[in-house]
Amino acid sequence: MAPARVESLALSGLSAIPAEYVRPVEERPTECVFNLKGGVEDEGTQIPVVDVAGWDSADEEIKKEIGRQVAEASREWGVMQLLNHGISEILIERLQAAGKAFFDLPVEEKEKYANDHAAGKIAGYGSKLANNASGQLEWEDYYFHLLWPEQRRDMTTWPKHPQEYIEVTDAYGREIRKLVTKMLGTLSLDLGVEEDRMERVLGGENLEMQLKINYYPRCPQPELALGVEAHTDISALTFLLHNMVPGLQLYKDGKWVTAKCIPGALLVHIGDQVEILSNGQFKSGLHRGLVNKEKVRISWAVFCDPPKDALIGPMKEVVDEKNPPLFPAKTFQQHTDHKLFKKAQAQAEAQATKKLNQST
């Protein structure tokens, strides 16, 4: 039997969300109010915006200033919005149209691409399983598959509808791969190491990119639910597009900051692996995703990961007696397993506490 999809719940006309989607009181986004136009009431502190139009400039001063802004955002926030990043507006529109067209299909059609975690089939159409401390579910369906390297793609896991999905997704992946090199090069230079240093450690040509299209249906009680719970990305970098419906929040200075929807901007998150390589100089920012009562929110996330057997630890150039290593060197697979184990352990402890409270 196919698992229940969040989209099916949303379309059923329910006025209250099922209990398994209601977040614990301390996790609820009750302080965040969205107006009907999709804006955000709080116009205070905002995520840094970096115009990278001169990234390839022959003027070294322009390049240095871009590098300074990228590094500052990475140190202070762990996220930024890039403008003039070089990916054409037409390609982005085609990518988003193709992704939306897939999710516009009837649920039974999308089920033909369903993943199967129990069988080890991660790629495909799915809904988030409960692997968090509260044991609650997230208000999200998604589509996930390997985007890069090209030779390792399993094209049977890519949607066949709409017809241009493969063409535009491949083209977008190639553009993101170029930006990966630019971002890692910029961050490497800021740390005083060779420009290609971090990219080499992260696998070079074997660096992987995974695409996840997140689909957040309308939610009758958005103040009680989350699309994605608070987390940092296990990746090295994450590149994010969205359909101009607000929902991404970053935790900064003790409060949640909602990212503005800026036309043409590409969001970039610093992930755990870059934080580790830099020995904590660059921050893997805590973030979460909200849902909306009036509008469907869709985002396109590309996670840039090292190969599973790549050994990731603080680079020797950023470690000395005054700056000892803050992280143990582990393979990427070990880092991933450790993070998942900590989540599973927290969930088990939370469930045990809940049962104890119920019995006393």
Side-chain angles (χ1 to χ4, degrees), residues 3-43 47 79 81 96 99-100 102-105 107 110 125-144 211-233 238 240-252 255-262 265 267 269 285-301 303 343:
R5 300 303 181 192
V6 177
E7 180 185 10
S8 298
L9 289 173
L11 295 175
S12 69
L14 79 174
S15 58
I17 62 176
E20 59 265 31
Y21 291 94
V22 177
R23 309 302 299 191
V25 173
E26 65 274 14
E27 294 182 19
R28 295 176 190 173
T30 50
E31 79 283 4
C32 309
V33 181
F34 293 93
N35 63 40
L36 297 183
K37 294 181 181 179
V40 184
E41 289 192 346
D42 181 10
E43 293 292 342
I47 292 168
V79 67
Q81 302 218 47
Q96 294 181 317
K100 182 178 182 299
F102 174 80
F103 277 98
D104 283 344
L105 292 171
V107 171
K110 294 195 283 282
Y125 173 60
S127 301
K128 189 69 179 287
L129 302 175
N131 66 342
N132 45 58
S134 66
Q136 299 303 93
L137 298 173
E138 297 169 331
W139 195 262
E140 173 199 18
D141 297 327
Y142 64 84
Y143 203 101
F144 179 84
L211 172 66
K212 185 181 179 212
I213 307 176
N214 303 293
Y215 184 86
Y216 307 101
R218 295 178 184 86
C219 179
Q221 294 177 296
E223 72 280 2
L224 300 181
L226 286 174
V228 177
E229 67 176 3
H231 67 287
T232 61
D233 288 346
T238 303
L240 188 78
L241 289 172
H242 55 80
N243 65 337
M244 299 300 289
V245 175
L248 174 67
Q249 289 192 316
L250 276 294
Y251 195 69
K252 179 80 163 87
K255 70 174 185 177
W256 289 102
V257 178
T258 305
K260 282 185 178 180
C261 295
I262 302 176
L267 279 145
H269 290 273
L286 186 69
H287 56 284
R288 68 182 183 181
L290 307 189
V291 290
N292 194 293
K293 190 172 185 177
E294 306 295 333
K295 297 180 179 182
V296 171
R297 180 169 177 260
I298 310 175
S299 66
W300 287 255
F303 302 100
K343 289 183 71 174

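Along the sequence shown, residues carry numbers from 1.
- Between Glu27 and Arg288 there is no salt bridge, since no side-chain N of the basic residue sits under 4.0 Å from a carboxylate O of the acidic one.
- Between atom CZ of residue Arg28 and atom CG of residue Leu290 there is a gap of 14.5 Å, rounded to the nearest 0.5 Å.
- Here the shortest heavy-atom pairing between Ala230 and Leu286 reads C-CD1, 3.9 Å.
- Considering only heavy atoms from C-beta on, Tyr216 comes within 4.5 Å of Val228 through its side chain.
- Between atom CG of residue Asp104 and atom CD of residue Glu7 there is a gap of 8.5 Å, rounded to the nearest 0.5 Å.
- In this structure, the separation between CG on Leu137 and CD1 on Ile17 is 10.0 Å, given to the nearest 0.5 Å.
- Counting only distance, with no hydrogens or angles, the side chain of Asn243 and the backbone of Ile298 share a donor-acceptor pair below 3.5 Å.
- You'll find the side chain of Pro18 reaches within 4.5 Å of the side chain of Leu9, heavy atoms only.
- Closest heavy-atom contact between Ala10 and Trp139: CB-CZ2, 4.1 Å.
- To the nearest 0.5 Å, atom CZ of residue Phe103 and atom OH of residue Tyr125 are 6.5 Å apart.
- With rounding to the nearest 0.5 angstrom, the CG atom of Leu250 is 8.0 Å from the CH2 atom of Trp256.
- Closest of all the heavy-atom pairs between Cys261 and His242 is SG-CE1, 3.6 Å.
- Shown here is Lys212, whose NZ atom has more than 12 heavy atoms of other residues, nucleotides or ligands within 6.0 Å.
- In this structure, the separation between CG on Leu14 and OG on Ser8 is 11.0 Å, given to the nearest 0.5 Å.
- With Gln96 contributing its side chain and Leu241 its backbone, the two residues share no donor-acceptor pair below 3.5 Å.
- Proximity of a side-chain donor or acceptor of Asp141 to a complementary backbone N or O of Tyr215 within less than 3.5 Å is not detected.
- Between the side chain of Arg297 and the backbone N or O of Val245 there is at least one donor-acceptor pair closer than 3.5 Å.
- A side-chain donor-acceptor contact under 3.5 Å links Asp233 and His287.
- Between the Glu20 side chain and the Gln136 main chain, no donor and acceptor come within less than 3.5 Å of each other.
- Counting heavy atoms from C-beta on, the side chains of Leu226 and Glu138 never come closer than 4.5 Å.
- Nearest approach of Pro29 to Glu223, heavy atoms of both residues: CD-O, 3.5 Å.
- Minimum interatomic distance between Cys219 and Ala225 (heavy atoms only, all atoms of both residues): SG-CB, 4.1 Å.
- The two residues Ala265 and Gln81 have their closest heavy-atom pair at CB-OE1, 3.5 Å.
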